[in-house]
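Notes for the one structure printed next.
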Amino acid sequence: MFFFLSKTLFYFLMPITWVTFFLLIAVFIKKWRIKSLRIGVVLFLLFTNPFFANEMYLLWEIPPTPIKEVRNYEVGIVLTGMSNAGKEPKDRIYAGSGIDRLLQAVRLYKEGKIKKIMIVGMSEEIDWISGKEKLPKRTYKYKDMLKSMCIKEEDILIEPKSKNTYENAQFSAQFLQKNKDKLNLTFTSDSIHQGQILVITSAFHLRRSLGCFEQAGLQVDGFSTDFIATERKNMFTILSLIPTEDAMAKWGKIIHEIIGYVVYDLTGKL
């Protein structure tokens, strides 16, 4: 039920929903027509403006860490959500925009910054009502992808059951606790020592991810990937003031993440 509610709430708060709502009021309710039309136009101009969308991401995304400043870790945890799950045939991983998570993990592994790569979460289509994966265990195909990149099979770990960020953290904690001796991890009571685990995910998603992992008793560090924001000095041009559909899509994505963060915080998942 939590999975269903968290997903449907997002659609009610999408920018296009707000714009459409006020424009429909302007069409069907005469006495509110002018005011609703003005609000709808203002929202449209705001959410289609590339500069404002970029500013929002600059505020929310956790900045990149220079590779030379990354310490050495036992395990690098890569969160899924980086493939096109609806594409067929289901015999491979169809890389999406978030695949930078995996590519950066491979780089960190090859540079000796992480000893193991742990893929966490389902990578298949999920039923909205039940929250169950329609075609389970496709996450294991990430192992084939990593092996093709010359990652040793014994250095690839898979947690295929979690279906959201909260479960990513909870199930990872259980997996690491169970395999702590094999992975050379040190726990104090129910908490893992800091400096052993690196969470690798998209920059806009890292803030919520770190909160969930800390709530699960894992003292982790984060590594941002898959950046959407552009540096302000490279963004502010005359073209950045022209409305685009891409800007509205970016607003939808960041609103979805902020809603997720707030809902997780209110329900004690952070």
Side-chain angles (χ1 to χ4, degrees), residues 3-29 32-64 79-88 93-104 121 123-126 128 164-165 201-209 224-264:
F3 181 84
F4 173 75
L5 291 176
S6 63
K7 294 299 181 183
T8 53
L9 178 61
F10 160 65
Y11 285 100
F12 283 112
L13 297 177
M14 281 178 62
I16 190 63
T17 304
W18 300 0
V19 173
T20 303
F21 173 73
F22 283 105
L23 292 181
L24 287 175
I25 290 179
V27 171
F28 293 107
I29 304 180
W32 293 345
R33 180 166 298 166
I34 300 300
K35 183 179 291 187
S36 297
L37 185 59
R38 287 174 178 171
I39 294 174
V41 170
V42 168
L43 289 176
F44 175 80
L45 293 175
L46 170 66
F47 290 128
T48 57
N49 185 285
F51 180 77
F52 290 142
N54 191 70
E55 286 296 302
M56 189 64 201
Y57 276 92
L58 284 174
L59 288 171
W60 186 261
E61 287 185 330
I62 294 181
L79 306 189
T80 53
M82 48 189 170
S83 65
N84 182 351
K87 192 67 179 174
E88 296 183 0
I93 295 293
Y94 295 93
S97 61
I99 200 65
D100 188 47
R101 304 177 185 184
L102 193 67
L103 297 178
Q104 294 298 330
S123 64
E124 194 47 79
E125 297 173 272
I126 301 175
W128 273 40
N164 55 47
T165 308
T201 189
S202 300
F204 75 90
H205 184 238
L206 185 57
R207 193 181 303 272
R208 177 159 53 127
S209 301
S224 300
T225 69
D226 185 28
F227 291 89
I228 295 175
T230 301
E231 299 303 325
R232 188 176 293 111
K233 63 181 179 181
N234 300 323
M235 181 66 188
F236 190 66
T237 66
I238 189 64
L239 294 177
S240 69
L241 302 178
I242 299 176
T244 67
E245 61 183 18
D246 182 60
M248 183 170 283
K250 288 180 178 179
W251 271 105
K253 194 169 190 176
I254 195 66
I255 288 174
H256 176 274
E257 182 59 28
I258 293 174
I259 290 171
Y261 186 92
V262 171
V263 170
Y264 272 40

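Remember, it's a predicted structure, so these values are computed and weren't measured experimentally. Excluded from the calculations below are hydrogen atoms, water molecules and symmetry mates; all remaining heavy atoms, backbone and side chain alike, are included.
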Should the heavy atoms of other residues, nucleotides or ligands under 6.0 Å from CZ of Phe52 be counted, would the total exceed 12?
no
Hits for side chain to side chain contact (heavy atoms under 4.5 Å, CB included) against Ala229, two or more places apart or cross-chain, chain-then-number order -> Asn54, Tyr57, Leu58, Glu61
TODO: List the steps, then state whether side chain to side chain contact (heavy atoms under 4.5 Å, CB included) holds for Leu23 with Leu37.
DONE: CA-CA 6 Å; Leu23 292 181; Leu37 185 59; 3.8 Å; yes
Here the pair of heavy atoms bringing Pro63 nearest to Ser224 is O-OG, 3.7 Å
When every non-hydrogen atom of Ala26 is compared with those of Ser36, the smallest separation belongs to N-CB, 3.8 Å
Applying salt bridge (charged side-chain N to carboxylate O under 4.0 Å, His left out) to Arg208 and not counting sequence neighbours gives Glu257
OG1 (Thr244) and CZ (Phe51) are apart, to the nearest 0.5 Å, by 13.5 Å
Practice problem: May I ask you to test the Leu13-Trp18 pair for a side-chain heavy-atom distance under 4.5 Å? | Solution: yes
The reported gap from CE in Met82 to CG in Asp226 (rounded to nearest 0.5 angstrom) is 10.5 Å
Heavy atoms of Thr201 and Ser209 approach each other most closely as CG2-OG, 3.8 Å
The reported gap from CE in Met248 to CZ in Phe44 (rounded to nearest 0.5 angstrom) is 6.0 Å
- Heavy-atom side-chain proximity of Ile62 to Arg207 below 4.5 angstrom: yes
Here the pair of heavy atoms bringing Leu79 nearest to Arg101 is O-NH1, 2.9 Å
Taking side chain as C-beta onward, heavy atoms only, is Leu43 less than 4.5 Å from Phe21? no
Sequence neighbours excluded, the answer for ring-ring contact (aromatic ring centres under 6.0 Å, His included) partners of Phe204 is none
For Arg232, the salt bridge (charged side-chain N to carboxylate O under 4.0 Å, His left out) test, sequence neighbours excluded, returns Glu55
dist Thr17:OG1 -> Phe12:CZ (nearest 0.5 Å) comes out at 8.5 Å
Exercise. Can you tell me if CZ on Phe227 sees more than 12 non-hydrogen neighbours from other groups inside 6.0 Å?
Worked result: yes
Applying salt bridge (charged side-chain N to carboxylate O under 4.0 Å, His left out) to Lys250 and not counting sequence neighbours gives Asp246
Nearest heavy-atom approach of Pro243 to Leu45 is CG-CD2, 4.5 Å
Note: Pro15 and Ile255 closest approach over all heavy atoms is CG-CD1, 3.7 Å
Inset, instruction - Compare all side-chain heavy atoms of Ile258 with those of Met56 and state whether any distance is below 4.5 angstrom. - result: yes
So CG of Leu206 and CH2 of Trp60: to nearest 0.5 Å the spacing works out to 11.0 Å
Quick one, Ser202 with Lys253, criterion side chain to side chain contact (heavy atoms under 4.5 Å, CB included). Give me CA distance, side-chain angles, the key distance, then yes/no. CA-CA 12 Å; Ser202 300; Lys253 194 169 190 176; over 6 Å; no
In this structure, CD1 of Ile228 is separated from CD1 of Ile254 (nearest 0.5 Å) by 7.0 Å
Q. Does a sphere of radius 6.0 Å around CZ in Arg33 hold more than 12 heavy atoms from other residues, nucleotides or ligands, not counting ones at 6.0 Å or beyond?
A. yes
Side chain to side chain donor-acceptor pair (under 3.5 Å) filter on Asp100, not counting sequence neighbours, yields Gln104
